[in-house]
Amino acid sequence: MGQRAGRIKIAVAAAILAWLPARELRAANGAYAVDAADISEVGSCKVESWLSTASNTDFTAVANPSCVVNPSQPVELSMFTSRARSDGEWSNTIQPKAKTNIVPTGIGKLGVSIYAGGSFDALTGESLTAFAVIPATFRLSETMRINLNGGWLWDRSVDRHYLLYGIGFDWKFTETLQWTIETFGQAGQSDTPSVVQPRFQTGMRYRPNEIFSVDLIYGRNIMGENANWITLGTTIRFPVPGGKPEHHRTGHL
């Protein structure tokens, strides 16, 4: 029955992803944009949420629940939802996404995953964009890793295609603290120069226990608007009973 339910979840997600595209692309790493190749343990779930405010008064509030199922191999399903203000106008966006690992990560070797999805305007039902991304992770040690992202984005609102890119570095320097720095963006043609200019974030994650963590992040141009951003995020995890803690499996928080 569990396997059948898992297959049904994947089939529904695949049907949704086939036609739902996304204006605001986010990885499965909280408010950070550059994703790692790892996924959580099968049967586990988590809820990521964050508030971001910009120097130009733009604002974003996000909730991103996700769970890992195993129809034939582990797949992480997430449903990113956001309420945002940009140039004084409010929008509501829903972004379903599916991610699976292809090559496991390990110290001194490259791990690879793939994720794909899309989003739509929750108020009007308008399709926005579609995307597919390949995250790769190279572990330098048990506490340091480099994440590389490359992919494709179709912005249907202007019917333009973009090349997505990102590189990030994570360092877990104590048992409870991790520092992340990343740059990312999209390459292509745009009427607004800042949309295709590089974006930047750096922040600290504090994780006092297995369940909860909090992030404080500074970003620049993270939505393609040439503003400075401050983000406060949290993650609440629901691990598999008796399972190995996530940061024991991956070395990171």
Side-chain angles (χ1 to χ4, degrees), residues 25-42 44-46 48 50 64 66 68 73-76 78 80 97-116 131-151 163-186 198-220 222 231 233-237 239-240 243-253:
L25 178 59
R26 283 285 168 175
N29 190 24
Y32 296 105
V34 180
D35 204 356
D38 305 287
I39 65 172
S40 301
E41 190 175 4
V42 172
S44 65
C45 295
K46 61 184 175 183
E48 301 166 321
W50 62 89
N64 185 38
S66 64
V68 181
Q73 72 173 53
V75 177
E76 187 171 73
S78 62
F80 174 103
K97 185 178 73 176
K99 175 186 177 184
T100 188
N101 179 257
I102 300 171
V103 179
T105 63
I107 297 175
K109 70 175 187 177
L110 195 68
V112 179
S113 291
I114 185 170
Y115 68 79
F131 59 86
V133 176
I134 296 177
T137 294
F138 185 83
R139 295 193 177 279
L140 303 171
S141 68
E142 291 184 354
T143 59
M144 292 184 183
R145 67 186 179 188
I146 297 173
N147 300 314
L148 303 170
N149 289 185
L163 173 67
L164 299 175
Y165 63 88
I167 180 170
F169 173 75
D170 297 324
W171 177 29
K172 180 187 172 187
F173 59 94
T174 76
E175 285 299 312
T176 59
L177 292 174
Q178 180 171 303
W179 173 59
T180 295
I181 184 170
E182 61 182 16
T183 184
F184 56 98
Q186 56 192 53
R199 308 171 188 193
F200 167 84
Q201 284 195 135
T202 185
M204 297 290 297
R205 171 169 294 179
Y206 172 62
R207 184 171 176 177
N209 54 50
E210 300 299 330
I211 304 300
F212 177 78
S213 65
V214 59
D215 295 280
L216 182 61
I217 306 168
Y218 163 76
R220 172 67 182 171
I222 63 172
T231 296
T234 62
T235 301
I236 300 174
R237 299 167 183 83
V240 178
K244 193 173 182 180
E246 183 177 3
H247 75 279
H248 289 175
R249 292 189 300 110
T250 67
H252 285 266
L253 300 176

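Fair warning: this is a prediction, and the values are worked out from it, not measured in the lab.
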Minimum heavy-atom distance between Ala31 and Ile217, given as atom pair plus value
CB-CD1, 3.7 Å
Looking at Pro239, is its backbone amide N or carbonyl O close enough to the side chain of Lys46 to form a donor-acceptor pair, meaning the two atoms are under 3.5 Å apart?
no
Separation of Ile39 CD1 from Ser78 OG (nearest 0.5 Å):
11.5 Å
Over all heavy atoms of both residues, which pair between Val34 and Gly168 is shortest? Give the atoms and the distance, please.
CG1-N, 3.9 Å
I'd like to know if the side chain of Ser113 reaches the main chain of Ala37, judged simply by a donor and an acceptor atom lying under 3.5 Å from each other, with no hydrogens or angles considered.
yes
Taken to the nearest 0.5 Å, the spacing of Leu164 CG from Ile134 CD1 works out to 11.5 Å
Partner set under ring pair (Phe, Tyr, Trp, His ring centres under 6.0 Å) for Tyr218, not counting sequence neighbours:
none
For Val112, is there any backbone N or O sitting under 3.5 Å from a side-chain donor or acceptor partner on Asn101?
yes
To the closest 0.5 Å, what do you measure between CG (Leu177) and CZ (Arg205)?
11.5 Å
Criterion side-chain contact (heavy atoms from CB on, under 4.5 Å) on Leu148 and Tyr165, from CA distance to verdict:
CA-CA 8 Å; Leu148 303 170; Tyr165 63 88; over 6 Å; no
State, yes or no, whether a side-chain contact exists between Arg237 and Ser213 at a heavy-atom distance under 4.5 Å.
yes
Under 3.5 Å, is there a donor-acceptor pair between the side chain of Arg139 and the main chain of Ser141?
no
Search all heavy atoms of Pro208 against all heavy atoms of Thr176 and return the closest pair with its distance.
CA-CG2, 4.3 Å
Step through the shown structure and confirm whether more than 12 heavy atoms of other residues, nucleotides or ligands are within 6.0 Å of CD1 on Ile114.
yes
From Leu110 atom CG to Thr137 atom OG1, the distance as rounded to the nearest 0.5 Å
7.5 Å
Which pair of non-hydrogen atoms, one from Phe200 and one from Ile222, has the smallest distance, and what is that distance?
O-CG2, 3.6 Å
Point-to-point distance, once rounded to the nearest 0.5 Å, from CH2 of Trp171 to CD of Gln178:
11.0 Å
Within the side chain of Thr100, is there an N or O that forms a donor-acceptor pair under 3.5 Å with the backbone of Pro74?
yes
Do Leu216 and Met204 come close enough that some side-chain heavy atom pair is under 4.5 Å?
no
With a 4.5 Å cut-off on side-chain heavy atoms, are Asp38 and Arg145 touching?
yes
Taking only residues two or more places apart in sequence or in another chain, which ones pass side-chain contact (heavy atoms from CB on, under 4.5 Å) with Leu140?
Phe138, Met144, Ile146, Phe169
If we check side chain to side chain contact (heavy atoms under 4.5 Å, CB included) with Glu48, which of these qualifies: Asp215, Thr234, Thr235?
Thr235
Taking side chain as C-beta onward, heavy atoms only, is Ile107 less than 4.5 Å from Glu142?
yes
Would you check if the side chain of Gln201 reaches a backbone N or O of Gly219 as a donor-acceptor pair within less than 3.5 Å?
no
Approximate separation, where rounding is to 0.5 Å, of Arg220 CZ and Thr202 OG1:
15.5 Å
Has the side chain of Thr183 got a donor or acceptor atom that lies under 3.5 Å from a matching backbone atom of Arg199?
yes
What pair of heavy atoms forms the shortest contact from Trp50 to Phe80, and how long is it?
CZ2-CE1, 3.7 Å
Grab the two heavy atoms, one from Asp35 and one from Asn147, that are nearest each other, plus how far apart they are.
O-CB, 3.5 Å
Tyr115/Glu76 under side-chain contact (heavy atoms from CB on, under 4.5 Å): CA gap, chis, key distance, verdict:
CA-CA 9 Å; Tyr115 68 79; Glu76 187 171 73; over 6 Å; no
